[in-house]
There are 2 protein chains.
Amino acid sequence: MSNVNEAIGSAPVFAALGDITRLELVSRLSDGKQHSIAQLAEGLDLTRQGVTKHLHVLQNVGVVTCERVGRESRFTIRPDPIAKARDYLARASTQWDEAVERLRASVEE
Amino acid sequence: MSNVNEAIGSAPVFAALGDITRLELVSRLSDGKQHSIAQLAEGLDLTRQGVTKHLHVLQNVGVVTCERVGRESRFTIRPDPIAKARDYLARASTQWDEAVERLRASVEE
DNA sequence: TTGAAAGGCAACCAATTGGTTGCAATTCTG
DNA sequence: CAGAATTGCAACCAATTGGTTGCCTTTCAA
């Protein structure tokens, strides 16, 4: 995939991570285990429905998946999208690192 | 700074990057050079004011800075916030990598 | 000096977001 | 079975977002 397409592919993931509550949810899910909604809502200062909405946002960009088990909805983190976003930022950093280095060199030459 | 505070500190940066137009602007600014608004707006399918608003969003989270020179506003990328966000994602990845590894080990033991 | 270029500011608008409440449905458990 | 737990769905709401247009100011250049 081209760089630019990976960029626009990562934008929705960044948007999903751009909320403190969702970042907290991702953090709680980072143990790799399955968590029910009630479990994830615990201690957060908003209603269960609010948490549900945030989980759906994360699900829509593929950061988490959901599996219904009995009366529970169990959410699990899905590594790939975040890894892609991470790699994108890593390459972006390298890009301006090198650019700045070239600028410095051309000034000092 | 604690991990959780770095997380909530990165949330606004993620939010700022969670838009295709702004991601494109960051990309154009990744050459480390200064760019005027008119220059950055070129080729984008929205008005100059639209671009200005996006630049302000990026400026508010510290991703870019602005310097007025003559009649131009020159924007420059500012590495730090993106680097912080990158590091946060890197640590998050490591975190669930290790967690998943521990889970796998405990299942197979 | 006069016109064009670059940008700031404010008002306005539709769509989205983040949140709520109420209620119905399913599933577990004593 | 009866009640509690867990969730889904829909309606509703205020605030934010992403975008526009119109107009004014500053600055550059012929």
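This one's a predicted model, so the numbers in the text were calculated from it and none came from an experiment. Proteins come first, then strands; the chains are lettered A, B, ... in the order of their sequence lines, and each starts at number 1.
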A.B. asks: For residues B:Cys66 and B:Gln59, report the shortest heavy-atom separation together with the two atoms involved.
C.D. replies: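 In terms of heavy atoms, the two residues are closest at CB-NE2, 3.5 Å.
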
A.B. asks: Could you report the tightest heavy-atom contact between A:Ser30 and B:Gln95, atom names first, then the distance?
C.D. replies: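 Closest approach of A:Ser30 to B:Gln95, heavy atoms only: CB-NE2, 3.8 Å.
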
A.B. asks: Sequence neighbours left out, what pairs pass side-chain hydrogen bond (donor to acceptor under 3.5 Å, both in side chains) with at least one residue falling in residues 36-46 of chain B?
C.D. replies: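 For residues 36-46 of chain B: none.
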
A.B. asks: How are the rings of B:Phe14 and B:Tyr88 set to each other: parallel, tilted or perpendicular (split at 30° and 60°)?
C.D. replies: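 Ring orientation of B:Phe14 relative to B:Tyr88: tilted.
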
A.B. asks: Without placing hydrogens or testing angles, list every side-chain donor-acceptor pair under 3.5 Å for residues 73-81 of chain B, not counting sequence neighbours.
C.D. replies:
from    : atom 1 : to      : atom 2 : distance (Å)
B:Arg74 : NE     : B:Glu72 : OE1    : 3.1
B:Arg74 : NH2    : B:Glu72 : OE1    : 3.4
B:Arg78 : NH2    : B:Thr65 : OG1    : 3.1

A.B. asks: May I have the distance from A:Leu55 (atom CG) to D:dT7 (atom P), rounded to whole angstrom?
C.D. replies: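 About 10 Å, once rounded to whole Å.
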
A.B. asks: Strictly under 4.0 angstrom, non-hydrogen atoms only: write out the protein contact profile of nucleotides 16-22 of chain D, one letter per nucleotide from the 5' end, B, S or -.
C.D. replies: --SBBBB

A.B. asks: Identify the heavy atoms of B:Val61 and B:Pro12 that sit nearest to each other, and give their distance.
C.D. replies: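 Looking at all heavy atoms of both residues, the closest pair is CG1-O, 3.6 Å.
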
A.B. asks: Could you give the distance from CD1 (A:Ile82) to CG (A:Leu58), rounded to the nearest 0.5 Å?
C.D. replies: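 Rounded to the nearest 0.5 Å, the CD1-CG separation comes to 8.0 Å.
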
A.B. asks: Quick check for you: to the nearest 0.5 Å, what is the distance between B:Arg86 atom CZ and A:Thr94 atom OG1?
C.D. replies: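 Reported value, rounded in 0.5 Å steps: 7.0 Å.
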
A.B. asks: Which residues in residues 34-41 of chain B have at least one heavy atom lying under 4.0 Å from any atom of DNA chain C?
C.D. replies: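 Heavy-atom contacts with DNA chain C come from B:Ser36, B:Ile37, B:Ala38.
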
A.B. asks: For DNA chain D, which residues of residues 62-78 of chain B approach it to below 4.0 angstrom with any heavy atom?
C.D. replies: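 Heavy-atom contacts with DNA chain D come from B:Gly70, B:Arg71.
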
A.B. asks: What closest approach, in Å, do A:Ala85 and A:Ser10 show between heavy atoms, and which atom pair accounts for it?
C.D. replies: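 So the minimum-distance heavy-atom pair works out to CA-OG, 3.9 Å.
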
A.B. asks: Can you run down the salt bridge (charged side-chain N to carboxylate O under 4.0 Å, His left out) pairs that involve residues 28-37 of chain A, sequence neighbours left out, and say none if there aren't any?
C.D. replies: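 For residues 28-37 of chain A: A:Glu24-A:Arg28.
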
